[in-house]
Amino acid sequence: MLHTPTSALTILPLEDALCLDQTLHCGQAFRWREISPGVHRGVAGDRAVSVWVQQGYLYVSGDDAPDAEAFWRNYFDLNTDYTAIKTTLSAHPPLKAAVDYAPGIRLLRQGAFEALISFIISQNNHIGRIGAIIERLCERWGEDLGGGAYSFPTPERLAALSLPDLAPLQAGYRDKYLLDAAVRVASGALDLTEVAALPLAEARAALMEIKGVGIKVADCALLYGFYRAEVCPMDVWMKRGMAALLPEGWPESVRPIAGIAQQYLFHYARTCPEALSGG
DNA sequence: AGCCAGGGTCTGC
DNA sequence: GCAGACCATGGC
């Protein structure tokens, strides 16, 4: 199917805070770039768009599909009550500090395969470089969406490649891991639709059958690709943040949304110097 | 130049 | 079950 850039504009009312800079550049997604102040361009699925927030509305430019409104409402999680979430989190002072630091963060609902591959690439890597590798991946094997934008490659397209093909990615030792993931998904050995319906422990175990996927990458896929909001990926920054701010672990009331709490705490620990120094 | 990064695997205890 | 070496790459 052929897509051409369009000027179609979707306007979505915001009932809670949404800060695009905080949400799109806090390490949960890697395909968004700020092209002018406050305007971000990126791709989700086969939709390449520019987005910005103005006076309580989210503007999405470039998607003329009939379901554009529903798609972007879902992507930016606009059907979830973040005021209620932040009230729950703010009952605990360390979490209140994290929420107040960046209250416009929301959990994006990304595609399962894209999230899986992206976080395989993320292992022992820097956020900036993860984005660069993913960009090369999409430019080479994604669908051309026009305007210099490319979709995320399909499992089938990646599964047809060999390791030497992947060398230009400069992904290091992770290339064989992402190839294994693509082969398993494309062959049907790993059915992501089935994973979505599995109990948490089984879903995690299914993902961890992929070479190079341990508990952290599996949890990132579950949180960002399957919207398991109770899953909390523990990377080096979260370990530091939890040790400094919540040494007793998550409060009971937070556990069902620990993944969302994690997003605030991760960003706080990683970017605010005072967060880890006895705040 | 060395250290680190949204880790995982393998080995050895 | 846990510690340590090792893995590719590039920014700082």
Side-chain angles (χ1 to χ4, degrees), chain A residues 21-33 42 98 101-102 105-137 139-140 152 161-184 190 204-246 250 258-273 275-276:
Chain A
D21 186 47
Q22 292 167 2
T23 297
L24 299 175
H25 305 293
C26 67
Q28 60 174 325
F30 305 98
R31 299 214 58 202
W32 294 91
R33 306 285 181 269
Y101 176 69
I105 290 179
R106 303 176 76 99
L107 186 63
L108 298 171
R109 294 182 183 250
Q110 307 179 60
F113 183 67
E114 175 171 342
L116 173 62
I117 297 296
S118 295
F119 283 94
I120 286 174
I121 292 170
S122 82
Q123 84 166 62
N124 201 27
N125 211 342
H126 294 266
I127 289 179
R129 187 166 165 258
I130 297 164
I133 293 170
I134 291 173
E135 210 51 47
R136 290 193 287 272
L137 181 77
E139 285 174 6
R140 284 177 179 270
F152 199 89
L161 301 174
S162 63
L163 275 182
D165 294 331
L166 290 170
L169 279 184
Q170 299 293 102
Y173 58 86
R174 307 165 192 84
D175 54 6
K176 54 185 174 294
Y177 298 157
L178 76 88
L179 186 56
D180 185 61
V183 167
R184 285 174 191 266
L190 176 64
R204 182 183 282 133
L207 293 171
M208 287 175 65
E209 288 179 13
I210 301 166
K211 290 176 190 164
V213 175
I215 188 161
K216 194 274 176 181
V217 171
D219 282 0
C220 281
L222 289 168
L223 177 62
Y224 302 119
F226 296 89
Y227 206 78
R228 299 281 183 125
E230 74 275 30
V231 173
C232 173
M234 292 297 289
D235 78 313
V236 293
W237 290 106
M238 275 304 295
K239 288 172 184 172
R240 291 168 189 158
M242 291 296 283
L245 298 169
L246 286 173
W250 295 114
I260 299 176
Q262 173 266 158
Q263 202 57 50
Y264 293 101
L265 196 50
F266 169 81
H267 182 66
Y268 184 46
R270 195 174 78 87
T271 64
C272 179
L276 300 178

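The chains referred to below are lettered A, B, ... by the order of the sequence lines, with proteins before strands, and numbering in each begins at 1. Just so you know, these numbers use all the heavy atoms, side chains as well, and skip hydrogens, waters and symmetry mates.
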Classify [X] by what it touches in the nucleic acid, base, sugar-phosphate, or nothing, heavy-atom distance under 4.0 Å.
X         : result
Tyr224(A) : base
Gly27(A)  : base
Ile215(A) : sugar-phosphate
Cys26(A)  : base

Taking [atom1] from [X] and [atom2] from [N], how many angstroms apart are they, rounded to a whole number?
X         : N      : atom1 : atom2 : value
Asp180(A) : dG8(B) : CG    : P     : 14 Å
His126(A) : dC3(B) : NE2   : P     : 14 Å
Ile133(A) : dG6(B) : CD1   : P     : 12 Å
Asp235(A) : dG8(B) : CG    : P     : 10 Å
Leu116(A) : dG6(B) : CG    : P     : 19 Å
Ile120(A) : dG6(B) : CD1   : P     : 17 Å
Leu107(A) : dG6(B) : CG    : P     : 18 Å
Tyr268(A) : dG6(B) : OH    : C1'   : 19 Å

**Study point:** Separation between the P atoms of dA5(C) and dG6(B), rounded to whole Å
**Key:** 23 Å
Check your understanding: If we take the P atom in both dG10(C) and dT9(B), what is their distance in whole Å?
Key -> 23 Å
**Study point:** Any Arg136(A) side-chain nitrogen or oxygen under 4.0 Å from OP1 or OP2 of dT9(C)
**Key:** no
**Study point:** Along DNA chain C (nearest heavy atom to each residue), the more 5'-positioned of Gln123(A) and Gln170(A)
**Key:** Gln123(A)
Side chains of [X] and [Y] in contact at under 4.5 Å (non-hydrogen atoms):
X         : Y         : answer
Arg204(A) : Asp219(A) : yes
Pro233(A) : Met238(A) : no
Leu223(A) : Glu230(A) : no
Tyr227(A) : Leu108(A) : no

Check your understanding: Which residue, Ile210(A) or Met238(A), contacts DNA chain B at a nucleotide closer to its 5' end, judged by nearest heavy atom?
Key -> Met238(A)
Exercise for review: Look at the side chain of Gln123(A) and the backbone N and O of Arg174(A), then say whether any donor-acceptor pair between them is shorter than 3.5 Å.
Suggested key: no
Of the listed nucleotides [options], the one nearest the side chain of [X]:
X         : options                : result
Arg129(A) : dA8(C), dT9(C), dG6(B) : dT9(C)
Lys176(A) : dG7(B), dC4(B), dA8(C) : dA8(C)
Val217(A) : dG6(B), dA8(C), dG8(B) : dG8(B)

Review point. Phe119(A) and Phe30(A): ring-ring contact (aromatic ring centres under 6.0 Å, His included), yes or no, with the steps?
Key: CA-CA 10 Å; Phe119(A) 283 94; Phe30(A) 305 98; 5.3 Å; yes
Check your understanding: Is the ring of Phe266(A) stacked on the base of dG6(B), with centres less than 5.5 Å apart and planes under 30° off?
Key -> yes
